[in-house]
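Chain letters run A, B, ... following the sequence lines, proteins first and then strands; every chain starts at 1.
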2 protein chains.
Amino acid sequence: MKLDFDKIDRVIHERGRLAIMTLLATRVRWSFADLKAELKMSDGNLVTHLRTLHQAGYVATTKEILDRPQTSYGLTERGRAAFAGYLALLEQIVKTGQG
Amino acid sequence: MKLDFDKIDRVIHERGRLAIMTLLATRVRWSFADLKAELKMSDGNLVTHLRTLHQAGYVATTKEILDRPQTSYGLTERGRAAFAGYLALLEQIVKTGQG
DNA sequence: CCGAGCACTTTGCACCACAAAGTGCGGTAT
DNA sequence: ATACCGCACTTTGTGGTGCAAAGTGCTCGG
């Protein structure tokens, strides 16, 4: 098998954003506060990563006002597809590395 | 399962070095020229990554002079262990992301 | 001696992760 | 009404680093 490392999505393949994408993949929607609590990231950093993901078209943002203003985030179709592609590559790497 | 993204080894988790580590894992030794040809990296860049990996104790360097001077590279025990740990984390991410 | 190739080092640029501090807005308490 | 607090940002600053390009020394072949 031929691994093409150029195909690694730089947007996803960064520690912080990889963490975000992985979390987002497990649940339909996440509030900003929950993400922050789970990731133990500074909010500035978290927002920046979310914006990067948003600009790449991977993440959708929903703003609502319940009793408190609350923004929630989820993967777009495109984001899901990109993440699936990324995971497939990881799998190949794991297989190659262990085989 | 609880994923700890802080455990991601920054030395390994970079595109170029991840490629190098993956290649090194598949064969006992690689010549510099072979790595360069396979990775399509500039030699300066490749050397820098190899040095980083070397300083982390993950890669051993062997210099020999056959007809031409030739340097070859291989994983150390520590490198192999670190890479295995990294791959295990990748596996968890893949599982979490797909589950 | 000259040119080529290997294995570097050095330099420089540009990007980016990350933290810290500041902003605005709405709700809540006093 | 005002003061305060938390949420969701933006801005700023710094350090680190990937990467390319150019330069270095070394050895061999012609």
Side-chain angles (χ1 to χ4, degrees), chain A residues 4-24 29-56 58-74 86 89 93, chain B residues 4-24 29-74 82 86 89 93:
Chain A
D4 191 357
F5 291 93
D6 286 348
K7 292 225 181 79
I8 289 182
D9 191 329
R10 293 172 105 79
V11 173
I12 299 178
H13 186 73
E14 193 280 328
R15 225 169 139 197
R17 287 191 296 270
L18 176 55
I20 293 174
M21 291 294 284
T22 307
L23 286 187
L24 290 184
R29 76 198 333 228
W30 282 80
S31 72
F32 184 84
D34 285 354
L35 280 177
K36 188 180 156 190
E38 188 73 22
L39 294 169
K40 283 159 195 162
M41 233 178 247
S42 72
D43 54 351
N45 192 11
L46 178 53
V47 162
T48 306
H49 281 319
L50 284 170
R51 185 169 42 209
T52 302
L53 290 169
H54 181 69
Q55 280 166 1
Y58 294 169
V59 162
T61 308
T62 313
K63 304 199 186 209
E64 307 178 69
I65 301 184
L66 308 176
D67 50 340
R68 297 194 166 274
Q70 189 173 314
T71 312
S72 57
Y73 301 87
Y86 177 79
L89 233 161
I93 291 171
Chain B
D4 191 358
F5 292 93
D6 287 348
K7 293 225 181 81
I8 289 182
D9 191 328
R10 293 171 106 80
V11 173
I12 299 179
H13 186 72
E14 194 280 327
R15 225 170 137 193
R17 287 191 296 269
L18 176 54
I20 294 173
M21 290 294 283
T22 307
L23 287 187
L24 290 184
R29 79 202 325 232
W30 282 80
S31 72
F32 183 84
D34 286 353
L35 281 177
K36 188 180 155 189
E38 188 74 22
L39 295 169
K40 283 160 195 161
M41 235 179 245
S42 71
D43 54 352
N45 193 10
L46 177 54
V47 162
T48 307
H49 282 318
L50 285 170
R51 184 168 43 208
T52 302
L53 290 169
H54 181 69
Q55 280 166 1
Y58 293 170
V59 163
T61 308
T62 314
K63 306 200 185 208
E64 307 178 69
I65 301 184
L66 309 175
D67 49 339
R68 297 193 166 273
Q70 188 173 315
T71 312
S72 57
Y73 301 88
Y86 177 79
L89 232 162
I93 291 171

Looking at the side chain of Asn45(B), which of dT10(D), dA20(D), dA8(D) is the nearest nucleotide? dA20(D)
Mind running side chain to side chain contact (heavy atoms under 4.5 Å, CB included) on Thr71(A) and Thr62(A) for me, showing each step along the way? CA-CA 6 Å; Thr71(A) 312; Thr62(A) 313; over 6 Å; no
Integer-rounded Å distance: dA21(D) P and Met41(B) CE: 15 Å
Taking the minimum atom-to-atom distance to the side chain of Ala33(A), which one of dA8(D), dA17(C), dA7(C) wins? dA8(D)
I need the Asn45(B) CG to Lys40(B) NZ distance, nearest 0.5 Å. 15.0 Å
In this structure, how many angstroms lie between the C1' atom of dC19(D) and the CZ atom of Arg17(B), rounded? 12 Å
Nucleotide nearest Arg51(B) (side chain, heavy atoms from C-beta), chosen from dA7(C), dT10(C), dT10(D): dT10(C)
DNA chain D: Thr48(B) or Asp43(B), which has the more 5' nearest nucleotide? Thr48(B)
Grab the CG-C1' distance between Asp34(B) and dA7(C) for me, whole Å please. 14 Å
Whole-Å gap separating C1' (dG18(D)) and CG (Leu46(B)): 13 Å
Given dC19(D), dC18(C), dA8(D), identify the nucleotide with an atom nearest to the side chain of His49(B). dC19(D)
Does any part of the side chain of Phe5(A), heavy atoms only, come nearer than 4.5 Å to the side chain of Ile93(A), both counted from C-beta? yes
As a test of understanding, state which of Thr52(A), Ile20(A), Asp9(A) forms a side-chain contact (heavy atoms from CB on, under 4.5 Å) with Tyr58(A). Asp9(A)
What integer distance in Å separates Gln70(A):CD from dC25(C):C1'? 16 Å
Measure the distance from CG on Leu39(A) to C1' on dA19(C) and round it to the nearest whole Å. 16 Å
Could you tell me how far apart Lys63(B) (NZ) and dC6(C) (C1') are, to the nearest whole angstrom? 11 Å
Nearest-nucleotide check on DNA chain C, Gly44(B) vs Lys36(B); residue mapping nearer the 5' end is Lys36(B)
Can you give me the closest heavy-atom contact between Leu89(A) and Ile8(A), atom names plus distance? CD1-N, 4.0 Å
Taking dC8(C), dA17(C), dA20(D) as options, the one with an atom nearest any side-chain atom of Tyr73(B) is dC8(C)
Just the rounded figure in Å: distance from C1' of dA7(C) to CH2 of Trp30(B). 18 Å
Considering only heavy side-chain atoms of Glu14(A), the closest of dC18(C), dA8(D), dT11(D) is dC18(C)
Please determine whether a side-chain nitrogen or oxygen atom of Thr52(A) lies at a distance below 4.0 Å from atom OP1 or OP2 of dC16(C). no
